[in-house]
Amino acid sequence: MATINEHYLKLQAGYLFPEIARRVSDYCQSNPNAQVIKMGIGDVTQPLPAAIVSAMHTAIDEMATAETFRGYGPEQGHSFLRDAIRDHCFRNRGIDIDSDEIFVSDGSKCDSGNLLDIFGIENKVAVLDPVYPVYVDTNVMVGRTGAADANGQYSGLVYLPVNAENDFQPALPSEPVDLIYLCYPNNPTGTVATKEMLKTWVDYARKNHSIIFFDAAYEAFVSDPEIPRSIYEVEGAQEVAIELRSFSKNAGFTGIRCAYTVVPKKLMGYLPGGSPQAIHPLWNRRHGTKFNGVSYPVQRGAAASFSPEGKQQIEELIRFYMNNARLLREGLMGAGLQVYGGLNAPYVWLKTPGEISSWDFFDQLLHESQIVGTPGSGFGASGEGYFRLSAFSNLENTQEAIRRIEASLASKT
Ligand code: MLT
């Protein structure tokens, strides 16, 4: 008898974004002429930068002749890419990360779930609430939680609420936790962490022998020089933190797939008796066994994002999306909404008008204004009464969405 992993049966309905897609598809089927503007999932809309396209073309041509053809590459990533990441993302900021501490992969979402393979099931996990749902669901899948309650919160997890009342600053857990997920710039709230705030977490982790999973997928959108782009800007963080980064949002790789995870050699986990065990060889073993590496043309494309032209083209892309974020912030505030985030992040987080629920606001926006956003409650109980809009649209749609929201709110006053 083939039994199943029963923990999957504890998962709530569908994963958030497919559920949104289902509702939008139902709406579009009944309203085939509706001009729906999608600002839900944080998916990029602008084409790949020319420097990246050119590098990928060249790499494909290399694959077309016997002399330059390549088969399997190193599972951890080609050295040309790992060295470029080391130099352009860390050493340039005074962070001493070695190339072999960088593991190239096909996505931060996958890595954040895969990391759980190498940690004991008894670890107590803390997440912010609201939170990127993958952190929670992957812990449910491996069996680290009990069932969900009426609010969708799973027993066994420690939820740290972030909301306007606490200025989106999570309090330290009141009970000891072993694994802590932090995402900054934050998805979904679009808020950022100061260096002092990250230091508080690093100090906590050092004191409690915990490990932080630091998701920095949106670091490229930080323009404030005072805001850290890597947790390793905090002294001692290499002893307690794994950092996840991606080419998805800055270089437009959501469909191309390339990311990387930094596992410092100084990072220690512990055996049940308390003796330290380096995490790096465990992750290296896991990665080499279960992953065959990112394709060569994609890694060449990713490396081209660090060329002078690539950097400049990516800066233009970031400026483009952050201009959308600015327009959204200003437009929605002008329409009388309470708006957060969107200054150093491509997400704008707003309080739903008239205290209506997040899903009711989702339906209202879809049915009355043909705009798709993401209901805050889909990210956790503390997201109830909030709503996320993504700045990854094109300019025309962003302007049109603001116009429609203004008109809809004005019609209700
Ligand atoms: C989001 O909309 O939260 C992200 O696009 C999801 C992701 O990157 O997987």
Side-chain angles (χ1 to χ4, degrees), residues 11-12 14-24 36-46 105-116 127-139 141 162 168 181-192 213-221 243-261 294 302 317-318 321-322 324-325 328 340-342 344-350 358-359 362 365-366 371-380 382-383 386-394 397-398 401:
L11 291 165
Q12 306 276 286
Y15 177 57
L16 175 63
F17 295 107
E19 171 59 19
I20 291 173
R22 191 189 60 73
R23 290 189 186 213
V24 174
V36 174
I37 299 179
K38 295 188 179 164
M39 304 175 103
I41 192 165
D43 195 4
V44 292
T45 54
Q46 300 307 297
S105 76
D106 59 345
S108 292
K109 172 175 164 179
C110 326
D111 280 354
S112 68
N114 291 336
L115 276 169
L116 298 182
V127 293
L128 304 199
D129 176 21
V131 68
Y132 180 44
V134 172
Y135 311 153
V136 171
D137 287 3
T138 51
N139 274 285
M141 288 170 176
V162 283
F168 299 95
Y181 289 82
L182 295 178
C183 171
Y184 287 107
N186 186 254
N187 180 14
T189 65
T191 56
V192 288
F213 296 160
F214 189 76
D215 185 346
Y218 300 94
E219 56 77 29
F221 297 86
E243 184 161 300
L244 300 111
R245 287 187 172 211
S246 171
F247 293 93
S248 282
K249 313 290 161 115
N250 58 340
F253 272 44
T254 53
I256 298 278
R257 311 303 313 149
C258 193
Y260 53 98
T261 288
V294 172
L317 266 183
I318 305 271
Y321 290 131
M322 288 312 291
N324 288 344
L328 273 176
Y340 309 93
N344 290 282
Y347 294 124
V348 167
W349 186 244
L350 55 98
S358 300
W359 275 110
F362 173 89
L365 269 194
L366 177 60
I371 294 170
V372 181
T374 311
S377 56
F379 296 103
S382 297
Y386 290 91
F387 199 78
R388 193 190 78 176
L389 288 172
S390 148
F392 288 118
S393 227
N394 61 37
N397 279 347
T398 302

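Atoms within a ligand are numbered from 1 in the order they appear, just like the ligands themselves.
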*What heavy-atom pair brings Met322 and Phe221 nearest, and what distance separates the two atoms?*
SD-CD2, 3.8 Å
_Close-contact set for ligand 1 against Tyr132 heavy atoms, below 4.0 Å_ = 6 (C), 7 (C), 8 (O), 9 (O)
*Which ligand 1 atoms are under 4.0 Å away from a heavy-atom of Lys249?*
4 (C), 5 (O), 7 (C), 8 (O)
*Judged by atom type as modelled, is there a donor-acceptor pair below 3.5 Å linking the side chain of Asp137 to the main-chain atoms of Leu11?*
no
*Ile41, portion touching ligand 1 at heavy-atom distance under 4.0 Å*: both
_Location of contacts on Tyr347 toward ligand 1, heavy atoms closer than 4.0 Å_ = side chain
*Could you tell me whether some N/O pair between Phe379 and ligand 1 is separated by less than 3.5 angstrom?*
no
*asked:* With heavy-atom distances below 4.0 Å as the criterion, list the atoms of ligand 1 near Asn187.
replied: 1 (C), 3 (O)
*Under 4.0 Å, heavy atoms only, figure out whether ligand 1 is touched by the backbone of Arg388, its side chain, both or neither.*
side chain
*Number the atoms of ligand 1 from 1 as they appear, then name those within less than 4.0 Å of a heavy atom of Phe17, with their elements.*
1 (C), 2 (O), 3 (O)
*Is a side-chain N or O of Arg388 found less than 3.5 angstrom from the main chain of Pro375, in a donor-acceptor match?*
no
*Compute whether any side-chain donor of one residue and acceptor of the other, for Thr254 and Asp43, lie under 3.5 angstrom apart.*
yes
*Kindly indicate, with the supporting measurements, whether the criterion side-chain hydrogen bond (donor to acceptor under 3.5 Å, both in side chains) is fulfilled by Tyr347 and Tyr218.*
CA-CA 10 Å; Tyr347 294 124; Tyr218 300 94; 2.8 Å; yes
*Would you name the heavy atoms of Ser246 and Ser108 that are closest together and state the gap between them?*
CB-OG, 3.6 Å
*Taking all non-hydrogen atoms of both residues into account, name the closest pair between Leu389 and Val372 and its distance.*
CD2-O, 4.4 Å
*Any N or O of Lys109 that comes nearer than 3.5 Å to an N or O of ligand 1?*
no
